[in-house]
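Down below is the structure, laid out as structure tokens.
Atoms considered below: every heavy atom in the structure, side chains included; atoms not considered: hydrogens, waters and symmetry mates. As the structure is a prediction and not an experimental result, all values here were calculated from the model. Counting starts at 1 for both ligands and their atoms, following the listed order.
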Amino acid sequence: MHMPNAKAPTGEPLLRNLPPTDELLRSPEIDRLNALLGERAVLRIVRSAVDSIRSEILSRAGQGGPFASADRSSLTAEAIRRINDLAEKKFRMRLQAVINATGVVIHTNLGRAPLSIAAKNAVAETGAGYSTVEFDLDTGERGLRGRGAETMIEEITGAEAALVVNNCAAAAMLVLAVFSAGKEVIVSRGELVEIGGDFRVPDVLALSGATLREVGTTNRTKLADYERAIVENTAMILRVHPSNYRIIGFTSAPTNAELSELASSRGILFCEDAGSGALLDLSHFGLADEPVIGTSIRDGADLVTFSGDKLLGGPQAGIIAGRRELIEQMRSHPFYRALRAGKLIYSTLEAILSAFLRDNQLEEIPVLRMLSVKKEEIRRRSEKLINELIASVDTDGELGLEIIDGFSATGGGAAPGTRLETCLIAVSVGDLSPNEIAARLRHAPKPVVARIDDDKLLIDLRTVDASEEGELIDAIRFVMQNPS
Ligand SMILES: *Cc1c(COP(=O)(O)O)cnc(C)c1O
């Protein structure tokens with residue numbers, strides 16, 4: 001009945017229909033969520049779901065709103081829906097294993113280098129429990145942290161000594177802070193680069209307490225430019241590998257050998273931040289221009305810094321290789337204590353370095369294996385995957401699969417000029433946009449991260465392990481079965 005002066009309905013009676021927390025906690029979904037997230041987290045989620053409904057009811061009181069005529073059972077259903085959403089969001093904040101179908105081998109957002117089987121086993125054997133991280137079994141006393149990995153680095157690179165820290169940024173920072181705080185560091189203008197947003201050479205220098213002395217020009221710097229810049233207070237010449245970009249054309253720079261000769265004749269250090277750190281020459285599979293650590297050492301660099309999880313294919317770590325006396329000075333500096341690596345790093349790093357020592361790196365180390373795979377093999381795998389997909393889905397003509405030529409990327413700021421030829425699978429599903437397909441792939445039981453290029457959803461099997469192909473097929477089926 002409609003009465004002109006009827007009092008507008010308030011939220012009050014509706015609030016009585018809100019399900020109480022303890023009733024919601026007895027619903028069948030809750031056990032599964034408790035097992036996933038723990039009871040305390042689930043309780044917080046249940047309360048916040050009910051609170052959010054309550055405040056929507058109150059804020060819309062008198063104005064109808066979505067719950068204007070809701071009874072207890074529909075409010076309960078709404079609360080359960082919100083609880084599931086919140087729980088899923090919370091769970092997805094945690095690390096999720098994903099399939100990298102982007103073709104970017106060293107994908108920083110996806111954790112850079114996937115570890116070798118030997119490195120995974122090493123986590124269980126020496127990384128997880130008690131191990132001789134800093135213990136000498138012969139004397140029964142405190143030993144040197146990381147001695148095993150360091151010895152292996154020395155053998156592989158020919159350096160006198162080595163030191164491992166948390167990442168390459170830490171390695172560069174330690175070198176600068178220990179040897180050039182309060183002094184000048186000479187860097188070519190062509191090497192004052194930014195690597196991945198938060199590592200900018202001038203900022204790192206300033207933070208370490210050193211003063212930057214820029215020499216030369218963006219494209220050309222001569223030996224004489226360095227020579228003229230050396231003053232009483234100069235600590236070192238620093239060469240920075242520009243990593244993620246290249247200046248091509250009219251360029252020149254002195255060689256490492258020339259710089260190290262100049263530095264030693266003037267009593268200063270020559271250090272190189274090599275970044276991606278190839279332990280061997282990778283030019284035969286198309287990765288030109290990547291400094292090889294052993295070559296830098298042979299050419300006389302006093303210290304070279306590089307990452308553990310770029311072209312080395314290991315865990316996140318920063319490695320400093322070079323002259324023993326300098327390495328020991330860093331090891332006993334208090335700053336090292338703040339940057340030192342833990343047992344998970346040493347266990348996996350030793351397993352990776354061991355592959356190099358046995359000359360088995362191309363077989364064992366996923367990053368190197370993926371970089372060296374030929375286009376023809378990727379084409380063969382792509383065709384096989386397409387056949388399996390077609391055989392296993394009832395597509396109704398909804399699913400489009402096409403092989404096209406393209407390029408993979410090294411990633412991780414390594415070899416930016418390199419174009420790795422590959423075969424891509426372009427996937428279309430009904431009238432879904434590439435963005436919609438990508439979003440659904442990311443929500444598959446095993447999430448898949450794909451690439452969109454030229455308005456196509458693309459899958460590059462270069463970065464997908466053969467053992468993941470079944471899950472990739474499942475993910476594409478999931479896309480077809482779960483219209484949003
Ligand atoms: C990648 C890179 C760094 C930073 O290395 P992280 O291991 O990510 O800390 C520093 N310098 C150069 C030249 C690099 O390429």
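Counting atoms of ligand 1 from 1 in the listed order, those under 4.0 Å from a heavy atom of H241 are 13 (C). Each of the following atoms of ligand 1 lies closer than 4.0 Å to a heavy atom of K310: 1 (C), 2 (C), 3 (C), 5 (O), 14 (C), 15 (O). Each of the following atoms of ligand 1 lies closer than 4.0 Å to a heavy atom of S307: 5 (O), 6 (P), 7 (O). Under a 4.0 Å criterion applied to the non-hydrogen atoms of A169, ligand 1 contributes the atoms 4 (C), 5 (O), 6 (P), 9 (O).
Remark: ligand 1 and V240 share no N or O pair separated by less than 3.5 Å (distance only, no angle test). By the 3.5 Å distance cut-off applied to N or O atoms, R112 is counted among the residues near ligand 1. Any N or O atom pair closer than 3.5 Å counts here, and D273 shares at least one such pair with ligand 1. Geometrically, ligand 1 and F199 share no nitrogen or oxygen pair separated by less than 3.5 Å.
Ligand 1 is never approached by Q316 to a heavy-atom distance shorter than 4.0 Å.
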Can you check salt bridge (Lys or Arg N to Asp or Glu O under 4.0 Å) on R142 and D136, steps first, answer last?
CA-CA 6 Å; R142 181 174 173 186; D136 187 327; over 6 Å; no
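At a heavy-atom distance under 4.0 Å, no atom of E272 approaches ligand 1.
Salt bridge status for K374 with E376: absent, with no side-chain N to carboxylate O gap under 4.0 Å. Using a 4.0 Å cut-off between charged nitrogen and carboxylate oxygen, R440 and E436 do not count as a salt-bridge pair. With respect to D225 and K222, no salt bridge is recorded, no charged nitrogen being found less than 4.0 Å from a carboxylate O. A salt bridge links R147 with E150; the closest basic N to acidic carboxylate O contact falls under 4.0 Å.
Looking only at distances, a side-chain donor or acceptor of E160 sits under 3.5 Å from a matching main-chain atom of R324.
Among D198, V204, I195, T305, the residue whose heavy atom lies closest to atom 13 (C) of ligand 1 is I195.
Cation-pi geometry between R145 and Y346 is not satisfied (NZ or CZ under 6.0 Å from the ring centre, within 45° of the ring normal).
Atom CD of E194 is separated from atom CG of L192 by 12.0 Å, given to the nearest 0.5 angstrom.
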